[in-house]
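Structure first, then comments.
Start at 1 and go down the list; that is how both ligands and their atoms are numbered.
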Amino acid sequence: MNPTRALVLVAFAAFLPGPAVGVDLSALDPKTSPCDDFYQYACGGWMASHPIAPDLPMRGAFTELLERNLAILRSILEKDAVESPARTPVQREIGDYYAACMDEQTIEARGTAPLQPDLDRIAGLTDKAALPDLLARLHLIGTDAFFSLSSQQDDKNAAQMLAIVDQSGLGLSDRDDYLRDDPKTAEQRRLYVEHVRKMLTLLGEPADRAAADAAAVMDVETGLAKVSLDLVSTRDPEKVYHKLSVKDLQALTTGFSWDRYFKGISAPPLAEVNVTVPDFFRGMDALIAKTDLPALRSYLRWRLVHAAAGLLPRAFVDESFAFYGKTIQGAKELPPHWKRCVQRTDNALGEALGQEYVAQTFGDEGKARMRAMVQALKKAMQKDLETVPWMTPATRRAALVKLAAIDEKIGYPDHWLDYSSIRIDRHDALGNAERGREFEFRRSLRKIGKPVDRGEWPLSPPAVNAGYRPQLNDVSFPAGILQPPFYARGGDDAFNLGAVGAFIGHELTHGFDDTGRQYAANGDRQDWWTPEDQKEFEQRASCILDQTSRYTAVGDVKLNGRLDLGETIADNGGMRLAYMVLRDSLAGKPGAEVQGFTPEQRFFLGWGQIWCENNTPEFSRWLALNNPHPPGRYRADGVVSNMPEFQQAFRCKTGAPMAPANRCRVW
Ligand SMILES: [Zn+2]
């Protein structure tokens with residue numbers, strides 16, 4: 001459960017011809033009226049001329065930017081991968097990591113040998129009492145099995161870091177993938193068991209045994225799914241906060257010794273742990289008790305090979321892509337090798353690669369401009385909070401205190417993480433990855449019981465994303481997103497406000513969305529709302545929830561308005577704040593037409609066009625079921641149809657699809 005509320009979830013990339021700095025006229029579909037279908041109007045031309053690349057499940061404005069970043073990162077890494085005494089220690093770290101990942105010949109030649117010591121450890125599990133020792137080892141190297149352990153800020157005392165144990169251990173995206181009984185999900189499960197069987201076969205198991213083992217894996221994971229909390233509930237902070245003593249944690253699991261597990265990972269002395277879902281751990285304990293040892297070993301073998309698959313010989317990479325890339329997300333081809341290795345290096349050593357990245361792409365001038373824009377949006381939010389009609393004075397005051405306390409992180413961290421303790425070997429791709437994960441795991445453990453480090457970044461500098469963290473009450477805008485079309489030097493201000501302005505407003509509004517509003521200025525989860533204000537908020541939020549739930553993602557899959565509520569409140573609020581800044585900048589004057597559009601029209605087109613995208617049907621389905629961000633079409637249309645200012649800007653008749661009589665507004 002990641003406490004960061006992000007702007008997007010971008011995992012893929014596409015090719016970009018060149019950045020736009022205003023309305024992209026070729027993206028428009030002039031045959032469609034903006035009042036009938038704004039998204040089609042803003043993006044129809046773009047969608048028709050930007051087919052999805054075969055190695056990706058989607059293509060959109062965000063992914064175009066990500067692709068440009070990948071090309072920059074590739075040039076950095078290819079240079080640093082060349083052995084030379086002139087390399088700095090940071091260049092050596094990232095260069096050797098990348099070189100090992102790119103060295104397919106060595107990876108093929110070594111086969112599954114790098115996994116053998118851990119396969120042997122799993123084969124040696126002949127007593128369930130020893131499971132905690134084995135899990136400790138597997139968790140250290142980044143194998144996800146049964147549950148996860150890390151550190152987080154204490155929800156009720158944000159200044160302090162606390163250990164957290166959370167439900168985990170599933171190979172499909174969500175517990176509902178194991179429990180829903182529609183034909184599509186049932187078929188996906190059948191293909192999943194097939195995939196597990198093939199992976200075990202690649203590990204050398206005979207066909208019959210692999211089939212039986214894959215069935216056993218499915219039984220274990222289904223057992224875990226049954227006791228896991230559902231996705232929507234995991235967004236409710238109250239439902240995932242159970243601070244227990246280690247003794248009380250132990251009382252949940254009679255067969256699983258936490259003492260042995262904590263010793264195995266060399267945990268610091270623990271007084272208390274946030275046990276997110278106590279029922280999960282009770283259920284896990286019962287599941288382990290009733291599952292025989294061979295089935296437990298099969299499950300762990302599968303989890304190990306799954307975590308390692310990307311850095312094993314090509315047959316493993318291909319099989320993993322065939323299921324997760326093709327079947328689940330609808331991509332056609334495996335992404336090129338360099339792209340996968342750039343992403344792996346960024347995942348493992350993000351703040352080392354980030355140093356080289358920002359040196360090339362981001363200056364102090366960019367930081368200052370961005371800070372000024374965040375200030376302008378903050379000022380708009382202050383005005384908004386001062387004037388929303390439904391708040392009582394007490395809640396309004398607390399909201400303003402919280403807004404003033406929001407801290408901003410722009411570009412890159414003040415202090416870079418030091419990865420020099422990770423042994424990086426040019427000939428050991430999997431070992432590097434495992435040692436990198438162990439470094440992160442131990443780093444997380446070291447924070448337990450300590451005061452929070454407010455300078456730590458949630459995203460790597462090249463990330464094309466932004467975030468708000470309720471417990472830190474801070475917003476982050478990494479260097480990667482501060483580029484055209486989101487942030488264009490010398491670009492059209494009105495268009496920029498609908499793009500970068502709205503996404504700054506989006507992150508600020510997260511502090512006041514359905515979960516963000518449960519946290520106070522200092523990051524503690526604390527109720528600062530009067531009952532009347534709470535009622536007013538919920539009533540307004542439910543309007544947006546219902547609006548989202550009416551949208552169809554694909555086929556018979558609708559969006560989940562409750563899952564998406566934080567994001568939809570943030571989108572609506574963010575655009576409203578950005579609009580206030582636009583009005584201020586125009587100071588009551590009409591403003592010049594540019595490209596044949598008024599400033600207001602360009603502003604809305606800025607918002608529409610950052611969401612231009614094409615998704616495979618598989619990816620649309622996957623997003624709707626697992627990701628809290630609506631697809632671009634509804635981010636664009638949902639927001640503009642709630643704004644009378646849009647109706648005015650495009651002179652829409654009341655009752656047109658984008659100018660309904662009933663509108664939703666929280667902030
Ligand atoms: Zn967001």
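For the ring pair (Phe, Tyr, Trp, His ring centres under 6.0 Å) test, no residue two or more places apart in sequence or in another chain qualifies with F597.
Note on H510: counted as a metal contact of the Zn ion (ligand 1), an N/O/S atom lying under 2.8 Å. Using a cut-off of 2.8 Å, one finds that E507 contributes no N/O/S atom close to the Zn ion (ligand 1).
Judged by the 6.0 Å distance and 45° axis criteria, R633 is not positioned over the aromatic ring of W611. A cation-pi arrangement is not found for K402 relative to Y519, the charged atom failing to lie both closer than 6.0 Å to the ring centre and inside a 45° cone about the ring normal.
Pairs passing the salt bridge (charged side-chain N to carboxylate O under 4.0 Å, His left out) check and including a residue from residues 614-625, sequence neighbours excluded, read D182-R621.
Taking the Zn ion (ligand 1) as reference, E567 places its N/O/S atom OE1 nearest.
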